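In what follows, residues are counted from 1 in the order of the sequence shown. Computed from a predicted model, the values in this text were never measured in an experiment.
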Amino acid sequence: MPAIGAAVLWYAPFLRLEQVEYRTAPDRMAALRKAAPLDKGRPLVEVDTDAVHDAVLRDPVFTSASVDRSWPSTLVVEATPRTPVVAVEGGEGASLRLVAADGVAYETVSSPPRGIPRARVDAPEDPAALRGLVSFVTRLDADLLSEARDLHVDTRGRITATIGGVEVVWGSAEDPALKAAVVRNLVSRAGVARIDVSVPMEPVTSHERRGEAATPSPGSTASGPGPSGSPTAGPSAGGTGERSG
């Protein structure tokens, strides 16, 4: 009897693959069909669902997939596409790479989707640089992120941006939640032109942005002379620094 059952699965015409049901976002349907083309007419039991699953995930557009038989004659291929959180400049040409929340750069575009911030990354192939950038754009409050300009990640993974006209030195990818809270607290303070949250427990604010002439201000951190008599930068280089409590 088991042999008869197996023979039915393999040879019964009504148990052959007659329909493939693709499920994903409408704008990714063509990509899913291309990633998993299937020939109809063969026994449904013969379809290697693991191989189809792996083929779908070879396209970085998709972050997860499932492949299931729906008897008697349908195969259901479902895939979840990645969604961008930032568009990255870098490398050759003027194209951009969309980066998802998991730090994967998955698609090249000529312009970012609406509402997606744009960033310049000096080492766009460095996974750590992309993960750090993602930590910035996903932790920063949405209203502040919408005002972010000149977003940049240097070769050491240090992040800077301009938010509402205020220069923000984010630093490394460490402590993103705390840094975001400190930026929220300080960015709208009157007279603040620069915020350094590289060490978020000891943030530094300045009344001048980097490169502007420093002018004394009440409560500023003093800069003393260096060994040769030249000025030594205070805690916020490029301007008069204030420790913000």
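Counting only distance, with no hydrogens or angles, the side chain of Thr24 and the backbone of Glu78 share no donor-acceptor pair below 3.5 Å. A donor-acceptor distance shorter than 3.5 angstrom exists from the side chain of Asp59 to the backbone of Val61, with no hydrogens or angles considered. The closest donor-acceptor contact from the side chain of Lys179 to the backbone of Ser172 lies under 3.5 Å. The closest donor-acceptor contact from the side chain of Arg118 to the backbone of Leu96 lies at 3.5 Å or more, if one exists at all. Under the 3.5 Å distance criterion, the side-chain polar atoms of Tyr22 are left unmatched by any main-chain donor or acceptor of Ala30. Judged by distance alone, the side chain of Arg82 and the main-chain N or O of Pro60 form a donor-acceptor pair under 3.5 Å. Within the 3.5 Å criterion, the main-chain N or O of His152 finds no donor-acceptor partner in the side chain of Arg120. The closest donor-acceptor contact from the side chain of Arg184 to the backbone of Asp141 lies at 3.5 Å or more, if one exists at all. Looking at Asp175, its side chain never comes within 3.5 Å of a backbone N or O of Leu178 through a donor-acceptor pair.
In this structure, the separation between CD1 on Ile116 and OG on Ser111 is 11.5 Å, given to the nearest 0.5 Å. With rounding to the nearest 0.5 Å, the separation of CG in Asp68 from CZ in Arg23 is 8.5 Å.
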* To do: Decide yes or no on side chain to side chain contact (heavy atoms under 4.5 Å, CB included) for Val121 and Glu89, but give the supporting numbers first.
  => CA-CA 6 Å; Val121 180; Glu89 304 174 21; over 6 Å; no
* **Intermediate values then yes/no, side chain to side chain donor-acceptor pair (under 3.5 Å), Thr80 and Ser64** => CA-CA 5 Å; Thr80 301; Ser64 64; 3.2 Å; yes
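Annotation: side chain of Leu75 is not in contact with side chain of Glu21 (no heavy-atom distance under 4.5 Å). In this structure the side chain of Val169 never reaches within 4.5 angstrom of the side chain of Ile195, judged on heavy atoms.
Val192 and Val182 fall within a single hydrophobic cluster, where Ile, Leu, Val, Met, Phe, Trp and Tyr are joined by side-chain heavy atoms under 4.5 Å apart, directly or via other members. One hydrophobic cluster holds both Phe136 and Val85 under the rule that ILVMFWY side chains link at heavy-atom gaps under 4.5 Å.
Legend: residues meeting side chain to side chain contact (heavy atoms under 4.5 Å, CB included) with Ala173, ordered by chain and number and at least two apart, are Ser135.
In this structure, a donor-acceptor pair under 3.5 Å is absent between the side chains of Arg149 and Thr162.
Counting all heavy atoms, side chain and backbone alike, Phe62 lies closest to Val56 at CD1-O, 3.8 Å. In terms of heavy atoms, Leu17 sits closest to Asp39 at CD2-O, 3.5 Å. In terms of heavy atoms, Leu57 sits closest to Thr63 at CD2-C, 4.0 Å.
No more than 12 heavy atoms of other residues, nucleotides or ligands sit less than 6.0 Å from atom CZ of Arg139.
One finds a salt bridge joining Glu107 and Arg28 here, because a Lys/Arg side-chain nitrogen approaches an Asp/Glu carboxylate oxygen to under 4.0 Å.
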